[in-house]
Amino acid sequence: MSIIHFEDNNLKIFDWAVCKVRYKKGQTKFYAFGVPLFQVKDPFDALRRKFAKETDFNTISYDEKVEQIVSEYQNIQKGKQPQKRLAFLATKIYDMGGHTKWLRDMEKTLCDDYEQTLFLTTKKTSIKAASQTIEYLQKFSDIKFFNQFSCSCEHNIREIYDSIVDYAPQALFVFIHPDDFIATAVIALIRQHTNIKVFFVNHATHRPALAMSLCDLVLEETPSSAYVTQKLRGLQKTHIIGLISKCEADNPQYTKQQIENMRATIGIPKGAICTMSGAASYKFFDKKGTASRYFEMIQQMLKEHENVYHVVITAFQKHEKALVDKMFADSPVKNRLILLPYQEDYELAFKCADLFIDSFPMGSAVAMIDLMRLKVPYVVKINTENSALSFHEYQSPDFPYMYETVADFYAGIKELLANTQKRMQMTGANYQYYLTHYEPKAAHAILMQTINCSDFATLVDKLDPKVKYKLNFEDECLAM
């Protein structure tokens, strides 16, 4: 480390901060020894404040305004001859969460074909929240971190843009947060001054998002997410690629003893049946967080099945935990409801389940693909009232254990609890679906075709006009 260096928005001599930079109310403010020196206005401030309240999924006008701002920048370096490299642009990454997992698995899938670098627009948060992910990604990719608001916005934008242009990738995969104006400006410059192919990975399908209109293709998880992009975002350039999971060789192999030991650690007695759910906590509650039909059903299940213990893996908010405690306070089954925090070795925890029960009103997403490859049986809840809360399209179309009503869902659970053979038959068919749809070998061909395509119009999805989706993006749980 140099004697004078910039760290966490501070200019330091050794470890002593002599100049600080802070972002407050649309201004980048500079301080020396605690005394304010000067401030620089954020050109995106008005857009940020407006976008924070935006409910319209068509955000093309925001992208156009960002383009107008960066078009005034002078002396922008031009694109270079592309190398056999891929760049990934993200706002933040985490040790938990679906969009980080998608990015991680994509880099692993393509690492033998391309040199790769991940560009992160927010340094401090990623280092704190993603230490394990960073260590994993460094096996396949270089990582470059940037500090937002370290000085002027233009400086930040140019710094990231120049780094990507100097790297000269063949393509850029965009995993940014929906409201990342800095990254959106970088993408606008790339569009204006280079021939780098830019693919927006649509990991936040339920929110308005910046930068989509600036990219060559919007890569989608499912037909329903492509439907949202085409119908509500006003962009036809969707390409369904699906998700990517672990390669078959990396799937863990646990001994019977390891699973039994883990079950005992969780609190499942020998001979008992273990049901399980795992998802972000808000997925189990209504939009106001004041009721849970899911936990009502679980309580009924435990009352009717005295040999069943149910495990929920999540990180509850205080009011959510208080509601669950209240619901089970005087219940004779409260000792058979086990609440666990997120598990570092979640795969071993999942393997303890005799039956995994989908969350609702908002379903589990990536977890269901994990269950396919881990050969854990499960049931899926379809949300017919709001397709944005349902991830049943991850399943094989003929998967028999998907249900639209809570009554049918519960009936399916009871059927599978009573029939070990049906649970085991399901896992074999699900595993084959994982191999043909989510294992990296299957995803690799689609990604390579996308990267090497010279006419993106040939990849654009033609959705079935007969299929309609019921959507409600005012549901408060979508804003969590």
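- For Arg293, the side chain to side chain donor-acceptor pair (under 3.5 Å) test picks out no residue, with sequence neighbours left out.
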Check your understanding: Stepwise, does the side chain to side chain donor-acceptor pair (under 3.5 Å) test hold for Glu220 with Thr229?
Key -> CA-CA 9 Å; Glu220 305 282 1; Thr229 298; 2.5 Å; yes
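- In this model, a donor atom of one side chain and an acceptor atom of the other lie less than 3.5 Å apart for Asp166 and Gln77.
- The closest side-chain heavy-atom distance from Lys283 to Pro361 is not below 4.5 Å.
- The shortest distance between side-chain heavy atoms of Tyr431 and Met372 does not fall below 4.5 Å.
- Of all non-hydrogen atoms in Pro440 and Cys247, the two that sit nearest each other are CD-CA, 3.3 Å.
- Between Tyr161 and His193, the ring planes lie perpendicular to each other; the angle is over 60°, past the 30° to 60° tilted range.
- Checked by atom type, the side-chain pair Glu393/Ser224 shows a donor-acceptor distance below 3.5 Å.
- Qualifying side chain to side chain donor-acceptor pair (under 3.5 Å) partners for Ser163, counting only residues two or more places apart in sequence or in other chains: none.
- At a threshold of 4.5 Å between non-hydrogen side-chain atoms, the residues Phe146 and Asn156 do not count as touching.
- Under the side chain to side chain contact (heavy atoms under 4.5 Å, CB included) criterion, Ser245 pairs with Lys101, Ile369, Asp370, Arg373, Tyr434, Tyr438, not counting sequence neighbours.
- Of the possible polar contacts, none joining the Asn383 side chain to the Ser390 backbone as a donor-acceptor pair under 3.5 Å is found.
- Side-chain contact of Thr121 with Asp180: a donor-acceptor pair under 3.5 Å is present, judged by distance alone.
- Using cut-offs of 30° and 60° on the angle between ring planes, the pair Phe360 and Tyr294 is perpendicular.
- Between Pro208 and Asp56 the shortest side-chain heavy-atom distance does not fall below 4.5 Å.
- For Asn75, the CG atom is loosely surrounded, since the number of other residues' heavy atoms within 6.0 Å does not exceed 12.
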